[in-house]
Each structure stands twice: as C-alpha cells, then as structure tokens.
2 protein chains.
Amino acid sequence: MNVKTLCLGFLTTREATGYEIKKEFEEGFFSHFIEASYGSIYPALNQLATQGLVTVREEEQAGKPDKKVYAVTDAGRDVLGKWLSVVPARDKYKSEFLFEMFLQQYLAPHHVVTAVETQLAHLRTDLDNIRMCREKCVDPAMMAGGPDFVLGYGESVLTAAVSYLEGKLVELGVPQAPRAAAE
Amino acid sequence: MNVKTLCLGFLTTREATGYEIKKEFEEGFFSHFIEASYGSIYPALNQLATQGLVTVREEEQAGKPDKKVYAVTDAGRDVLGKWLSVVPARDKYKSEFLFEMFLQQYLAPHHVVTAVETQLAHLRTDLDNIRMCREKCVDPAMMAGGPDFVLGYGESVLTAAVSYLEGKLVELGVPQAPRAAAE
DNA sequence: TGATGCATGTAATCCGTTACATGATTCA
DNA sequence: TGAATCATGTAACGGATTACATGCATCA
C-alpha cells in the first residue's frame with residue numbers, strides 16, 4: 001500500500017494538511033499499523049492534486065506559516081474505491097524485539113528485562129492511544145463500522161501481548177509497579 | 001535490524017545454506033516476524049564470510065546443485081552479542097487489511113467478508129505453524145528460554161486476533177464452517 | 001511435457017527515510 | 001536563550017525487492 005493511497009484514504013475522513021496527516025499517522029488512530037514520513041507524504045499529496053483526486057486550498061495564518069489544506073474530490077473517492085478493491089496484501093510485521101528474545105542467551109539478563117519492559121511500554125502507549133480514540137469520540141455513530149472494527153482489533157491484540165509480557169516479567173522475578181488506572 | 005544480523009542470528013541455531021535460511025524465514029519459526037529475500041540474503045552471507053564471522057563449506061550433491069553451507073564462528077558469536085546489545089527498535093507493523101477495514105464504506109459488502117476471511121486464513125496458518133514448531137520439537141530443553149518465549153508471544157497475539165475476527169464474522173452473519181481440530 | 005523443488009547469484013529499480021533548508025512564534 | 005510547534009519541501013542516500021539468468025531432477 002503506497003503513501004498516495006494512505007493519504008487519499010485519510011482525506012476521506014476530513015480535510016487536512018500534510019503536516020496534520022503525518023501527525024495522525026504517528027500519534028493518532030493509524031499509528032499502530034501505518035507509517036509514512038514527510039519525504040513521502042508531501043510528494044504524494046502533490047501527485048494527488050495533479051491528478052485531480054484532491055483539491056488544495058492555501059490558507060494564510062497569523063503568526064504561523066501558511067498552510068495547504070487538501071480535500072478529497074469525487075474523482076478521488078471513485079479512484080480510492082478502485083485502489084481498495086484488491087484483496088489486501090498480507091500484514092507485514094517485523095519485530096527486532098522477538099528476534100532478540102529468541103537469541104536471549106547471547107544477551108545479559110538485565111538487557112533482556114530492559115527489552116521486555118521497553119516493549120511493554122510501547123504496547124501500553126498504543127493501547128492507551130486506542131482507548132483515547134474511543135473516548136474522544138463522543139458520537140458513537142461516527143465510529144460505527146470501520147473505525148470501531150479497527151480499534152477493537154488493535155485493542156484485543158495489544159491486550160493479549162501486554163498480558164503475556166506481564167506474565168513473563170513475573171516469571172523473571174521483576175517486581176511489578178502497580179499501574180494507575182486510565183483516568 | 002539488517003539482513004546480516006538476521007542471517008548471523010539464524011546460523012547460531014544450526015549451519016545452513018542461503019536457500020534454507022530463506023525457507024525458514026518464510027515458512028518456519030521466524031516467518032511471522034521476519035522477512036528477507038534472496039537478493040538480500042546471498043550478499044549478506046558473502047559479507048559475513050569476508051569478515052570471518054561465518055565459514056563456508058562447499059558441498060557437491062548428486063542430482064542437485066552444489067550448495068554452500070554456512071556456519072557461525074566464535075568471532076561471529078561475539079559480534080552478534082554486540083549487535084544485539086542495543087535496545088531493539090520498535091516493532092513495525094503495517095496492515096493494509098486494517099486500513100481497508102477502516103474505509104469499509106468504500107467497499108462492496110462481499111469484499112469486506114472476503115478480506116476478513118483471507119486475513120483469518122493467514123492468521124490461522126501462522127498459528128498452526130507455531131503449534132507445529134512446538135510439537136516438532138520433542139526435546140523441551142531445546143525450546144527453553146528464547147524459542148519458547150517467542151512461540152508463546154506469537155500464539156497469544158494470534159489467538160486474540162483470530163477470536164476477534166471470528167466474532168466479527170458472526171456479527172456479519174457469515175455461516176461458520178466448523179474447523180477440524182489440529183491433529 | 002510442464003510445473004515444482006533445489007540452489008546461487010546479480011542488476012535494475014523502486015520506495016521510502018534521513019537530513020537539510022527556512023522561518024516565525026511561543027513556552028520554559 | 002534555547003527548545004518545541006507549526007509548516008512545506010527537496011536531494012541524497014540506503015536498503016531491499018523484483019526480475020532475470022542458469023540448470024538438473026522429480027513428480028503429475
């Protein structure tokens with residue numbers, strides 16, 4: 001899935017600037033299954049505009065740099081339907097963490113613990129993020145279908161991973177800091 | 001994590017040819033969190049040999065092409081320890097499936113079902129694979145530590161994903177084919 | 001007879017990341 | 001004063017995939 005499709009898909013939810021799209025991809029809803037940098041987002045947006053799949057509106061801002069707000073066109077929505085109508089490629093999952101755990105006999109014991117704790121921290125961040133997305137969205141109708149499905153998927157997978165690692169830490173004899181409940 | 005590290009790490013478990021490494025990465029134990037193609041494996045192996053981190057032994061075979069069997073050296077084991085001693089980079093997960101599900105309003109309903117079923121099939125393949133790795137290994141001592149940890153992680157995560165999608169299929173009103181229990 | 005498995009390797013190409021350039025404002 | 005946020009963009013670079021080349025044996 002190339003960055004053009006990703007941007008076009010995002011723009012069906014709301015109009016946005018390249019800067020905002022990047023933020024959403026790395027902090028928001030999409031962060032745990034999408035990645036893209038400025039170096040790929042800005043060119044992609046320009047191409048989409050050239051092809052008439054999105055419109056651009058330049059806005060001046062007091063005290064801030066000018067920005068370019070992109071919005072999807074009807075042609076863009078049509079094309080997106082076509083781009084999405086292929087059965088998706090298999091998920092790609094790469095984990096240096098698991099590779100290191102596999103070879104843990106080559107690592108110092110404290111390093112193993114650090115790695116597990118770091119992984120756990122990442123997973124919890126993602127989980128909190130997903131839960132925040134759920135709460136932030138007051139109107140349940142807006143979440144129906146797609147977003148709800150994706151959030152639920154992420155939540156169940158991440159929860160399983162967290163439980164597993166918590167259990168392993170206990171086995172390793174690491175004292176568990178009691179976690180504050182999400183407010 | 002570059003392909004050189006991956007190959008070197010694999011070779012600590014047993015000696016192997018480039019061809020076998022590729023197979024293990026795509027079918028075996030590592031398949032669900034590692035990827036590498038011939039185009040990256042063969043050059044990596046050559047570099048490792050040049051650096052003295054692995055040895056090469058050429059074997060002629062009757063009726064089959066000659067093969068080059070690689071084995072890790074002591075120097076290789078040392079270097080691997082160093083390469084692994086950095087806290088691993090964050091897992092990378094890219095899912096076209098989730099992106100499509102997010103935008104499912106742009107898809108035909110039957111396409112959504114197909115995508116979920118395909119995803120489910122992939123996940124079940126991986127799960128069966130993990131369970132086979134467990135069974136295949138008669139000697140539990142060989143699995144202790146690293147391998148067992150990784151297998152357990154994969155199993156819990158994949159099981160959660162499968163349950164979630166099975167539930168969703170029921171919601172979508174798709175009749176469930178009873179699955180044969182793994183023999 | 002044609003596909004598949006075994007087996008190694010290279011060259012072209014692609015896609016994306018990293019790093020850099022620019023610059024005003026706000027917060028500590 | 002220095003860092004962070006907002007904001008857009010390009011050029012160089014890197015790393016890996018894809019496709020290609022070769023060739024014998026086996027199985028359907």
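These values consider heavy atoms only, across backbone and side chains, with no hydrogens, waters or symmetry-generated copies. In what follows, chains carry the letters A, B, and so on, assigned in the order in which the sequence lines appear, proteins first and then strands, with residues in each chain numbered from 1. As the structure is a prediction and not an experimental result, all values here were calculated from the model.
The interatomic distance linking B:Glu26 (CD) with D:dT17 (P) rounds to 11 Å, in whole Å. Separating the CG atom of B:Leu45 from the P atom of D:dA16 is a distance of 14 Å, rounded to the nearest angstrom. What separates NZ of A:Lys22 from P of D:dT8 is a distance of 12 Å, to the nearest Å. Rounding to whole angstrom units, CG of residue A:Asn46 and C1' of D:dA11 are separated by 15 Å. Nucleotide D:dT5 holds its P atom 13 Å from the NZ atom of A:Lys64, rounded to whole Å. When the P atom of D:dG15 is taken as reference, atom NZ of A:Lys92 falls 18 Å away, rounded to whole Å. Straight-line distance from the CD atom of B:Glu60 to the P atom of D:dC24: 15 Å, rounded to whole Å. Per the geometry, OH belonging to A:Tyr42 stands 17 Å off C1' belonging to D:dA11, to the nearest Å.
In this structure, B:Glu166 pairs ionically with B:Arg124, as a charged nitrogen and a carboxylate oxygen lie closer than 4.0 Å. Of the charged side-chain nitrogens involved, none lies within less than 4.0 Å of a carboxylate oxygen, so that A:Glu20 and A:Lys23 do not count as a salt-bridged pair.
For B:Pro65 and B:Ser40, each mapped to the nucleotide of DNA chain D holding its nearest heavy atom, the one lying further toward the 5' end belongs to B:Ser40.
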Side-chain donor-acceptor contacts of residues 50-62 of chain B below 3.5 Å, not counting sequence neighbours, with atom names and distances?
residue: B:Thr50; atom: OG1; partner: B:Asn46; partner atom: O; Å: 2.8
residue: B:Gln51; atom: OE1; partner: B:Lys4; partner atom: NZ; Å: 2.6
residue: B:Thr55; atom: OG1; partner: B:Ala71; partner atom: O; Å: 3.4
residue: B:Arg57; atom: NH1; partner: B:Glu59; partner atom: OE2; Å: 2.2
residue: B:Arg57; atom: NH2; partner: B:Glu15; partner atom: OE1; Å: 3.0
residue: B:Arg57; atom: NH2; partner: B:Glu15; partner atom: OE2; Å: 2.3
residue: B:Gln61; atom: OE1; partner: B:Lys67; partner atom: NZ; Å: 3.4
residue: B:Gln61; atom: NE2; partner: B:Pro65; partner atom: O; Å: 2.9

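Considering only residues two or more places apart in sequence or on other chains, B:Glu26 meets the side chain to side chain contact (heavy atoms under 4.5 Å, CB included) condition with B:Lys22. In this structure, B:Tyr106 has no ring-ring contact (aromatic ring centres under 6.0 Å, His included) partners at least two apart in sequence or on a different chain. Every residue meeting the side chain to side chain contact (heavy atoms under 4.5 Å, CB included) condition with A:Ala108, not counting sequence neighbours, appears here in chain and number order: A:His110, A:His111. Residues meeting the ring-ring contact (aromatic ring centres under 6.0 Å, His included) test with B:Tyr42, sequence neighbours left out: B:Tyr38. Qualifying ring-ring contact (aromatic ring centres under 6.0 Å, His included) partners for A:Phe25, counting only residues two or more places apart in sequence or in other chains: A:Phe30.
Five base pairs at each end of the helix from C:dT1-D:dA28 to C:dA28-D:dT1 define two local axes, and these are offset by 40° (rounded to 10°).
Listed by first then second residue, pairs satisfying ring pair (Phe, Tyr, Trp, His ring centres under 6.0 Å) with a partner in residues 65-94 of chain A number zero, not counting sequence neighbours. Pairs passing the salt bridge (Lys or Arg N to Asp or Glu O under 4.0 Å) check and including a residue from residues 104-116 of chain A, sequence neighbours excluded, do not occur. For residues 78-89 of chain B, no pair satisfies salt bridge (Lys or Arg N to Asp or Glu O under 4.0 Å), with sequence neighbours left out.
Residues from residues 31-39 of chain B lying near DNA chain D, meaning a heavy-atom separation below 4.0 Å, are B:Ala36, B:Ser37, B:Gly39 in numerical order.
The footprint of chain B on DNA chain C, defined by a heavy-atom cutoff below 4.0 Å, extends from C:dG5 to C:dT10.
The phosphate of D:dT8 (OP1 or OP2) has no side-chain N or O of A:Tyr19 nearer than 4.0 angstrom.
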